[in-house]
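What follows is one structure encoded as structure tokens, with my remarks underneath.
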Amino acid sequence: MDGDYSGLFRLDGKVALVTGASKGIGAAMARGLAAFGAQVVVSSRKQAAVDDVARALIDQGYDAAACAANTGVIDDLEQLVGFCRQRYGGIDILVNNAAANPVYGPLQDSDSRAYDKIFDVNLRGPFELGKLVRPIMRERGGGSIMHISSIGGLRPETGIGLYSVSKAALINLTRAMAQDWGADGIRCNAICPGLIKTRFSEALWGDETTRSRFEQKIPLGRLGEPDDLVGLAVYLAADASAYCSGGIYMVDGGYSTI
């Protein structure tokens, strides 16, 4: 950029698709990407929920649209990508944030239905959506894919064993996509949150005793908030990270160091 770094984090003219964006981490990332200039498509299973998110973004002066999709259903993903192309002409940034974890407890208490749901949403969805988006990004000169994994993908967390396994596989999918699609100008990175205060993770932090135990283990002394992930998402979407691909980034207040 010849010494002009003023636009390193700008996303003007870029189209971002964020799944699992009706609340929590996904909604926060959608707001952050929009704030830096991206046109944002927010998606989740229920249309009314993503309509609310998109409307709030528009009310703040941002360019946003909503399209419901179940990331575990390939037909829904095809329709979602078609919506992005029709509305904005393509996709430059993909945030695979949608996730499922229908069970809490030891592995032996999980059945095949839980296994299928977890892996369909947490792994197959990002795989299929990545494949659908790849030719579009290639046509547009490249793009950025972010997979929202988990620190459980680096070390299994008690009570969420299958979820942790699916997130470990997502980390390796990130590396495989980075390796195979780099020649297309597509970067792929994984973000691994620690315990973030969202409705999705409330079973882990909702109890005061459990929350206190986690807080005592976290070097920064607190649980994370969805907004704690926004800066990294903007960085990985923008030209500031133009040479970053295949990276695994922890956002956990230092928890993974213990």
Side-chain angles (χ1 to χ4, degrees), residues 11 16-21 24-30 32-33 38 43 71-72 77 91-101 118-134 137 142-157 160-196 198 200-201 224-257:
L11 300 172
L17 168 59
V18 185
T19 68
I25 292 172
M29 288 186 171
L33 296 172
S43 183
T71 54
L77 297 181
I91 300 169
D92 304 289
I93 301 157
L94 170 62
V95 181
N96 277 312
N97 174 65
N101 184 41
I118 288 171
F119 278 83
D120 279 350
V121 175
N122 297 0
L123 187 63
R124 184 170 179 261
F127 171 66
E128 297 290 357
L129 190 51
K131 287 200 301 178
L132 289 168
V133 167
R134 173 181 169 254
M137 289 184 171
S144 173
I145 297 175
M146 283 171 259
H147 292 147
I148 310 307
S149 181
S150 167
I151 59 170
L154 302 170
R155 181 180 64 189
E157 292 293 319
I160 53 172
L162 278 182
Y163 177 83
S164 296
V165 172
S166 72
K167 293 300 188 176
L170 187 60
I171 287 172
N172 254 7
L173 178 64
T174 300
R175 290 169 169 152
M177 285 182 173
Q179 185 177 62
D180 287 356
W181 298 353
D184 299 322
I186 298 171
R187 300 180 292 108
C188 191
N189 293 282
I191 297 175
C192 296
L195 185 51
I196 308 298
T198 65
F200 181 82
S201 65
E225 300 285 347
D227 282 348
D228 288 320
L229 290 104
V230 171
L232 180 57
V234 171
Y235 168 72
L236 292 175
D239 287 344
S241 63
Y243 201 55
C244 297
S245 193
I248 314 300
Y249 299 87
M250 283 80 76
V251 185
D252 63 359
Y255 181 78
S256 57
T257 65

With a 4.5 Å limit on heavy-atom distance, are the side chains of [X] and [Y] in contact?
{"X": "Phe200", "Y": "Ile25", "result": "no"}
{"X": "Leu170", "Y": "Asn96", "result": "no"}
{"X": "Glu128", "Y": "Thr71", "result": "no"}
{"X": "Ile171", "Y": "Cys192", "result": "yes"}
{"X": "Ile151", "Y": "Tyr255", "result": "yes"}
{"X": "Cys188", "Y": "Trp181", "result": "no"}
{"X": "Met177", "Y": "Ile186", "result": "no"}
{"X": "Val165", "Y": "Pro156", "result": "no"}

Write down the atom of [X], the atom of [Y], and the distance for their closest heavy-atom approach.
{"X": "Gly152", "Y": "Ser164", "answer": "O-CB, 3.2 Å"}
{"X": "Ser149", "Y": "Tyr163", "answer": "O-OH, 4.5 Å"}
{"X": "Pro126", "Y": "Val121", "answer": "CD-O, 3.3 Å"}
{"X": "Ser256", "Y": "Met250", "answer": "OG-CG, 3.9 Å"}
{"X": "Leu33", "Y": "Ala16", "answer": "CD1-CB, 3.9 Å"}
{"X": "Pro193", "Y": "Leu229", "answer": "CG-CD2, 3.5 Å"}

Inset, instruction - Starting from the C-alpha separation in whole Å, work towards a yes-or-no answer on side-chain contact (heavy atoms from CB on, under 4.5 Å) for Ile191 and Met29. - result: CA-CA 12 Å; Ile191 297 175; Met29 288 186 171; 4.0 Å; yes
Looking at [atom1] of [X] and [atom2] of [Y], how far apart are the two atoms once the value is rounded to the nearest 0.5 Å?
{"X": "Cys244", "Y": "Tyr249", "atom1": "SG", "atom2": "OH", "result": "4.0 Å"}
{"X": "Lys167", "Y": "Leu154", "atom1": "NZ", "atom2": "CG", "result": "12.0 Å"}
{"X": "Ile91", "Y": "Leu129", "atom1": "CD1", "atom2": "CG", "result": "7.0 Å"}
{"X": "Leu173", "Y": "Ile145", "atom1": "CG", "atom2": "CD1", "result": "9.0 Å"}
{"X": "Ser150", "Y": "Asn122", "atom1": "OG", "atom2": "CG", "result": "9.5 Å"}
{"X": "Asn97", "Y": "His147", "atom1": "CG", "atom2": "NE2", "result": "11.5 Å"}

Inset, instruction - Would you confirm whether Asn189, through its side chain, and Thr174, through its main-chain N or O, come within 3.5 Å as a donor-acceptor pair? - result: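 No; judged by distance alone, with no hydrogens or angles, the pair does not exist.
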Legend entry - salt bridge (charged side-chain N to carboxylate O under 4.0 Å, His left out): pairs with one or both residues in residues 173-190, sequence neighbours excluded: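 Qualifying pairs, neighbours excluded: Arg134-Asp184.
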Inset, instruction - Using the side-chain hydrogen bond (donor to acceptor under 3.5 Å, both in side chains) rule, collect all pairs that involve residues 226-236, keeping only residues at least two apart or in two chains. - result: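 Found Arg222-Asp228.
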Inset, instruction - Please report the C-alpha distance between Glu157 and Leu195 in whole Å, then the side-chain angles of each, then the deciding distance to 0.1 Å, and finally whether the side-chain contact (heavy atoms from CB on, under 4.5 Å) criterion is met. - result: CA-CA 11 Å; Glu157 292 293 319; Leu195 185 51; over 6 Å; no
